[in-house]
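Here is the structure we will look at, set down as structure tokens.
Letters A, B, ... mirror the listed sequences (proteins, then strands); counts begin at 1. Because only heavy atoms are used, hydrogens play no part in the values below, and waters and symmetry mates are left out as well, while side chains stay in.
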2 protein chains.
Amino acid sequence: MPAEISGLRMTRQRWEVYRLLMEQRDHPTANDVFIRIKDRLPNISLATVYNCLEALVQHGVIRQVNFERESSRFCPNLEEHGHFHDKRSGTIHDVTFKPGVNLADVLNLPPGTLITDIEITLRGELPVS
Amino acid sequence: MPAEISGLRMTRQRWEVYRLLMEQRDHPTANDVFIRIKDRLPNISLATVYNCLEALVQHGVIRQVNFERESSRFCPNLEEHGHFHDKRSGTIHDVTFKPGVNLADVLNLPPGTLITDIEITLRGELPVS
DNA sequence: ATAGAAATTAGAATTATTCTTGCACGGTCG
DNA sequence: CGACCGTGCAAGAATAATTCTAATTTCTAT
Ligand SMILES: [Mn+2]
Ligand SMILES: [Mn+2]
Ligand SMILES: [Zn+2]
Ligand SMILES: [Zn+2]
């Protein structure tokens with residue numbers, strides 16, 4: 001376990017939460033993480049899972065993703081990407097942009113607007129197998 | 001008051017909620033609507049505001065917009081657009097796309113993917129006056 | 001007008017998340 | 001080594017947006 005990641009001091013709990021996200025690159029909720037991590041940290045509390053996820057998000061190590069009013073999900077992919085929600089399977093997939101595309105260029109915004117964050121969410125159905 | 005809008009039977013409450021959204025074209029929360037509408041419907045309940053908003057959303061008359069984990073907001077603009085959240089003022093602004101732009105063309109998706117809905121959210125700061 | 005269906009109301013319930021409090025840990029310094 | 005100090009953790013309570021329940025009212029259609 002490294003002493004810190006991106007300036008965030010590592011603890012056993014933070015490290016295991018981080019590793020779990022990196023290993024299974026889906027988009028689990030805090031509760032999903034809580035359930036999955038019990039193997040390795042049987043005594044961890046849900047509050048600590050929330051605390052660890054928040055610390056990791058605030059240090060830019062993972063991203064928090066929201067769909068409608070559902071529970072937040074957490075994503076270890078730091079590349080610029082959007083999220084596709086497949087209605088059929090209920091799964092969430094990372095979606096990248098075609099090369100050379102700059103989202104901001106495509107929007108009508110007053111000149112001088114400072115964009116700090118863009119979020120793209122799609123819903124639909126992936127083609128059958 | 002029309003008998004219905006987009007197949008949704010109008011009631012006094014639905015009509016006033018709808019009118020309020022159309023008049024003040026900001027992005028109020030359910031509670032904002034509840035407070036503002038008390039002039040016209042002093043006895044309306046918050047549950048009814050939620051019910052009316054849900055009915056209007058489900059009939060495609062208004063749109064529901066979510067930012068992070070904040071309360072849902074409601075938008076009467078049915079044109080395709082995204083939402084810019086200005087950190088300085090806390091206000092939300094509709095953002096249109098440049099002409100001829102098709103969001104789906106810009107994304108890497110498996111061929112045959114059916115997209116039913118795209119949502120774009122931006123955060124940042126608008127230029128000072 | 002009457003009966004059935006649908007909407008509204010008030011307040012309780014739900015649930016994801018945050019907060020509070022006391023305890024444990026780990027490094028530091030005498 | 002052993003007291004100290006700051007931070008993190010665990011457990012459970014609190015919070016708040018939203019949804020649900022049950023009773024009443026309003027609407028629609030006969
Ligand atoms: Mn889940
Ligand atoms: Mn508000
Ligand atoms: Zn992702
Ligand atoms: Zn809008």
Salt bridge check, [Y] against [X]: does any charged N sit closer than 4.0 Å to a carboxylate O?
{"X": "Glu23(B)", "Y": "Arg36(B)", "result": "no"}
{"X": "Arg123(B)", "Y": "Glu68(B)", "result": "yes"}
{"X": "Lys87(A)", "Y": "Glu125(A)", "result": "no"}

Mark up nucleotides 2-14 of chain C, 5' to 3', with B wherever a protein heavy atom is under 4.0 angstrom from a base atom, S wherever such an atom reaches only the sugar-phosphate, and - elsewhere.
-> ----SSSBBB---
Report the distance from atom [atom1] of [X] to atom [atom2] of [N], rounded to the nearest whole Å.
{"X": "Leu53(A)", "N": "dA16(C)", "atom1": "CG", "atom2": "C1'", "result": "13 Å"}
{"X": "Asp32(B)", "N": "dA17(D)", "atom1": "CG", "atom2": "P", "result": "11 Å"}
{"X": "Met10(B)", "N": "dC27(D)", "atom1": "CE", "atom2": "C1'", "result": "14 Å"}
{"X": "Asn66(B)", "N": "dT17(C)", "atom1": "CG", "atom2": "P", "result": "13 Å"}
{"X": "Glu70(B)", "N": "dT18(C)", "atom1": "CD", "atom2": "P", "result": "12 Å"}
{"X": "Gln64(A)", "N": "dA16(C)", "atom1": "CD", "atom2": "C1'", "result": "12 Å"}
{"X": "Phe74(A)", "N": "dA16(C)", "atom1": "CZ", "atom2": "P", "result": "13 Å"}
{"X": "Phe34(A)", "N": "dG12(D)", "atom1": "CZ", "atom2": "P", "result": "11 Å"}

Indicate whether any N or O donor in one side chain lies under 3.5 Å from an N or O acceptor in the other, for Thr48(B) and Asn51(B).
->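 No, Asn51(B) and Thr48(B) have no side-chain donor paired with an acceptor closer than 3.5 Å.
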Co-membership, hydrophobic cluster, residues Val61(B) and Ile37(B), 4.5 Å side-chain =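 Same hydrophobic cluster.
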Group every Ile, Leu, Val, Met, Phe, Trp and Tyr by side-chain heavy-atom contacts under 4.5 Å, then state whether Leu114(B) and Ile92(A) land in the same group.
->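 No: no chain of side-chain contacts under 4.5 Å links Leu114(B) to Ile92(A).
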Does OP1 or OP2 of dA16(C) have a side-chain N or O of Ser72(A) closer than 4.0 Å?
->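 Checking Ser72(A) against dA16(C): no side-chain N or O falls below 4.0 Å of OP1 or OP2.
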Output yes when at least one side-chain N/O atom of Tyr50(B) is less than 4.0 Å from OP1 or OP2 of dT19(D), else no.
->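 Answer is no, no contact under 4.0 Å.
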Would you tabulate the nitrogen or oxygen pairs shorter than 3.5 Å linking the protein to nucleotides 21-27 of chain C?
none

For Glu4(B), does the CD atom sit with more than 12 other heavy atoms under 6.0 Å from it, leaving out its own atoms?
->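 Enclosed: over 12 neighbouring heavy atoms sit under 6.0 Å from CD of Glu4(B).
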Do Lys98(A) side-chain atoms and Asp105(B) backbone N/O form a donor-acceptor pair below 3.5 Å?
->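 Yes: the side chain of Lys98(A) pairs with the backbone of Asp105(B).
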Is a side-chain donor or acceptor of Asp86(B) paired with a backbone partner of Thr91(B) at a separation under 3.5 angstrom?
->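 Checked: no pair found.
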Side chains of Asp117(B) and Leu122(A): closer than 4.5 Å at any heavy-atom pair?
->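 Counting from C-beta outward, Asp117(B) and Leu122(A) never come under 4.5 Å.
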Describe, as an angle rounded to 10 degrees, how the axis at the first end of the helix from dA1(C)-dT30(D) to dG30(C)-dC1(D) is tilted relative to the axis at the last end, five pairs per end.
->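 One end's axis against the other's: 20°.
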Indicate, with yes or no, if the rings of His27(A) and His83(A) have centres closer together than 6.0 Å.
->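 For His27(A) and His83(A), the ring centres are under 6.0 Å apart.
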